[in-house]
**Q** 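Just passing along the structure, written as structure tokens.
Below, chain A is the first sequence line, B the second, and so on; all start at residue 1. Just so it is clear, the values below take in all heavy atoms, side chains as well, and ignore hydrogens, waters and symmetry mates.
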Protein chains: 2
Amino acid sequence: MKDVAAAAEVALKTVSRVVNEEPGVNAATAARVVAAIERLGYRRNESARVLRKGRTASIGLVIEDVADPFYSGISRAVEDVALRNGSLVLSGSTGKEPERERGLVLTFCSRRVDGLIIVPTGSDHEYLLPELDAGIAAVFVDRPGGLDVDTVLSDNSGGARTGVTHLIRHGHRRIAYVGDSASIFTATERLYGYRHALRDAGLPYDESLVATGPAEQAGTALTGMLSFDDPPTAVFTGNSRITVAVLRTGHRLPMVAFDDFELADLLVPGVTVVAQDPVRLGSTAAELLFRRLAGELGTPERIELPTRLIPRGSGELRPS
Amino acid sequence: MKDVAAAAEVALKTVSRVVNEEPGVNAATAARVVAAIERLGYRRNESARVLRKGRTASIGLVIEDVADPFYSGISRAVEDVALRNGSLVLSGSTGKEPERERGLVLTFCSRRVDGLIIVPTGSDHEYLLPELDAGIAAVFVDRPGGLDVDTVLSDNSGGARTGVTHLIRHGHRRIAYVGDSASIFTATERLYGYRHALRDAGLPYDESLVATGPAEQAGTALTGMLSFDDPPTAVFTGNSRITVAVLRTGHRLPMVAFDDFELADLLVPGVTVVAQDPVRLGSTAAELLFRRLAGELGTPERIELPTRLIPRGSGELRPS
DNA sequence: CGGCTCGTCGACAACGTTGTCATCATCTCG
DNA sequence: CGAGATGATGACAACGTTGTCGACGAGCCG
């Protein structure tokens, strides 16, 4: 900028004014400055600007894994909203490691992002408090982070309840639940929805039909249940990875899956799912964040987005 | 930092030294400073540091769409490599719009990223030249960007050739090619591989069996071909979106698809694919970038990663 | 004991912006 | 014609770091 000023024979400040399109610059002078900028290939140094202004026009996005379609959907939505708001997105995957989440968040903070969108992995987010005090806005997505902060969730229990009820309506009385381990918020909620549906229908809750744990064990768990004297006639799966694991076992059990996935309609039978809307999850969170950044006050919101049952065949099979 | 210095009753520079773990600070003094840092909840302002040092320890990643599994694979790999190198990733999706790509790249540059990893969307990347001169490193991934810059690609033509040859070996003589429009580098390469395979086998190249264009038209194009007097007995699809479009038509034509996709093995029959390795694509590009950032000189490299044929059934069917 | 090195520390400038205020010429109006 | 308003421009400080260099005392050696 100094060079540009020299080249255009004006003061530094005048160049600054031109670059920022501030009023009060003679058209002729401005033209001279623009020419000099062009000639020297000058581009404003955003770091210095940030230092001066305090706002970085960037937000941090912390998710579990960009490579997972659910999170990449969120990712894309956040990106789009950010772009519309003139912000950039710094993103990082935690891979379910709370330590890595913490590292990412703190790094983002020291880079002075204006706000954070976090899919919380650990349960303890105390370390965020000083940052929040320092004025960084934060929104939790998909799971609550244990702090009194804006949060956007899917209606996990309601969705699971709908899905299980769907199976019950089709005549199933013994329905297996295969889901993530109980330490994960969404898994607990979905299991709750499952129980709720059983209760609604007056069916007993049988613990031996419930398997929780990582996706790798889902297949064997279900296979085990099928060897019972009184095996389940249908299964409700708690997330996509588990759904796939169950599908790979080759049992063609009637099934409703939580979370939609590509090609669910091309399998035979098509897989009936309770679909979440990752894009809407992401955009809602981002909109909320930018409203906060724009100065909107008020108590933290907790938004629950509806899920949608998509019948495709597997959930409409009757017990055999 | 000023406050910390005051609280610890030392000079600004001493705090800086402690924060950066520079040698030459008395242990007792350091302890006092650390205590003050703790007490005040101080965290270094990275923007100021960047301004002073010139390096931002961040790279820009420009891809077509994070929500596409192929690109999110790249994304994740880049992220991991960056993290290992102490860098952050600014990312953005272009959605195939050259204008948006340009905007993203220039924004990243004005934020002084150290380097860029770009999946080029437009063909004209002249606008990058001033940035490259300014010392920003760049690597193109998946497609060349028309500039003499490090580039990491899949072996598109070789992969397609292998895939088509596979069908030929299984007795097919009339093989349809349904791929992306010719303006896209990878599509041209794959079509070239297709022709190459036909030539190798002494089969004629029949233009009426070749459909290029967006995925939305892929289904109808293939359906059209199947009404010929002498219809194709197998199809080679040029990318995942097109593969899915073709699958949705419901024709159970013998088929080899370029690019692997989740659940390809669960369809009936399993879909034989020529798999690319997005993760390796991303990590190779990132490694290359960081080597350049570390000062490695030499002429730009052009790396072509091998593809892998994965037989799953659909490609092993004989003509009916 | 004088000169030397070494360890520790601080003063100061600089990075590239932008906000504040001052300057100066020109114009307007009574 | 003089006072004040207006428009254009510039000088300077500040944002929070870090690099450079110099100061100061303690310990060492000859």
**Q** For the pair made of CD in A:Glu22 and C1' in D:dG10, what is the distance, rounded to whole Å?
**A** 14 Å
**Q** Tell me: CG of B:Leu12 to P of D:dC15, nearest whole Å?
**A** 11 Å
**Q** What is the separation between atom CZ on A:Arg55 and atom P on D:dC15, rounded to the nearest whole Å?
**A** 19 Å
**Q** Round to a whole Å and report the spacing from CG of B:Asn20 to C1' of D:dT17.
**A** 9 Å
**Q** Is there a donor-acceptor contact under 3.5 Å from the side chain of B:Thr94 to the main chain of B:Ile63?
**A** yes
**Q** Measure the distance from CG on B:Leu51 to C1' on C:dC15 and round it to the nearest whole Å.
**A** 4 Å
**Q** In whole angstrom, give the distance that lies between atom CG of B:Asp3 and atom C1' of D:dC15.
**A** 13 Å
**Q** Between the side chains of B:Asn26 and B:Arg32, does any donor sit under 3.5 Å from an acceptor?
**A** no
**Q** Can you measure B:Arg112 atom CZ to C:dC15 atom C1' for me and round it to whole angstrom units?
**A** 12 Å
**Q** What's the closest nucleotide to the B:Arg52 side chain, out of C:dG16, C:dA13, D:dT9?
**A** C:dA13
**Q** Any base atoms under 4.0 Å from A:Val25, or only sugar-phosphate, or nothing? Heavy atoms, all strands.
**A** sugar-phosphate
**Q** Are A:Asp180 and A:Asn239 linked by a side-chain donor-acceptor pair shorter than 3.5 Å?
**A** yes
**Q** Return the nearest nucleotide to the side chain of A:Ala48; candidates are D:dC15, D:dT18, C:dT17.
**A** C:dT17
**Q** Tell me whether A:Glu64 is salt-bridged to A:Arg143, with the criterion being a basic N under 4.0 Å from an acidic carboxylate O.
**A** yes
**Q** Within the structure shown, what part of the strands sits under 4.0 Å from B:Ser16 by heavy-atom distance: base, sugar-phosphate, or nothing?
**A** base
**Q** Closer than 3.5 angstrom, by distance alone: can the side chain of B:Asn20 be matched with the main-chain N or O of B:Glu22 as a donor-acceptor pair?
**A** no
**Q** Could you note down all residue pairs passing salt bridge (Lys or Arg N to Asp or Glu O under 4.0 Å) where residues 73-87 of chain A supplies at least one of them, sequence neighbours left out?
**A** A:Arg76-A:Asp80, A:Arg76-B:Asp65, A:Asp80-B:Arg100, A:Arg84-A:Glu287
**Q** Nearest to the side chain of B:Met1, heavy atoms from C-beta on, is which of D:dT9, D:dG10, D:dT17?
**A** D:dT17
**Q** Quick one: label B:Val10 by what it contacts on the DNA or RNA (base, sugar-phosphate, nothing), any heavy atom closer than 4.0 Å.
**A** sugar-phosphate
**Q** Would you tell me if any nitrogen or oxygen in the side chain of B:Thr14 comes within less than 4.0 Å of OP1 or OP2 on C:dG10?
**A** yes
**Q** From the set C:dT17, C:dG19, D:dG16, return the single nucleotide nearest to any side-chain atom of A:Lys13.
**A** C:dG19
**Q** Under a 3.5 Å distance rule, please check whether A:Ser154 uses its side chain to pair with a backbone N or O of A:Asn156 as donor and acceptor.
**A** no
**Q** Run the salt bridge (Lys or Arg N to Asp or Glu O under 4.0 Å) test against A:Glu301 and tell me which residues pass, sequence neighbours left out.
**A** A:Arg291
**Q** Which whole-number value in Å describes the distance from B:Arg44 CZ to D:dG16 C1'?
**A** 11 Å
**Q** With a non-hydrogen cut-off below 4.0 angstrom, is A:Val19 in contact with a base, only sugar-phosphate, or nothing?
**A** nothing
**Q** Provide the full list of side chain to side chain donor-acceptor pair (under 3.5 Å) pairs with a residue in residues 1-12 of chain A, sequence neighbours left out, each pair given once.
**A** none
**Q** Can you list, by residue number, the residues of residues 27-39 of chain B that have a non-hydrogen atom closer than 4.0 angstrom to DNA chain C?
**A** B:Thr29
**Q** One character per nucleotide, please: for nucleotides 21-27 of chain C, 5' to 3', B when the base has a protein heavy atom closer than 4.0 Å, S when only the sugar-phosphate does, - otherwise.
**A** -------
**Q** Taking the nucleotide of DNA chain C with the nearest heavy atom to each, does A:Asn45 or B:Ala11 sit closer to the 5' end?
**A** B:Ala11
**Q** Can you give me every donor-acceptor pair (side chain of residues 133-142 of chain A, partner residue at least two apart or in another chain, under 3.5 Å) with its distance?
**A**
none

**Q** Should the side chain of B:Lys2 and the base of D:dG16 be counted as holding a donor-acceptor pair, with the cut-off at 3.5 Å?
**A** no
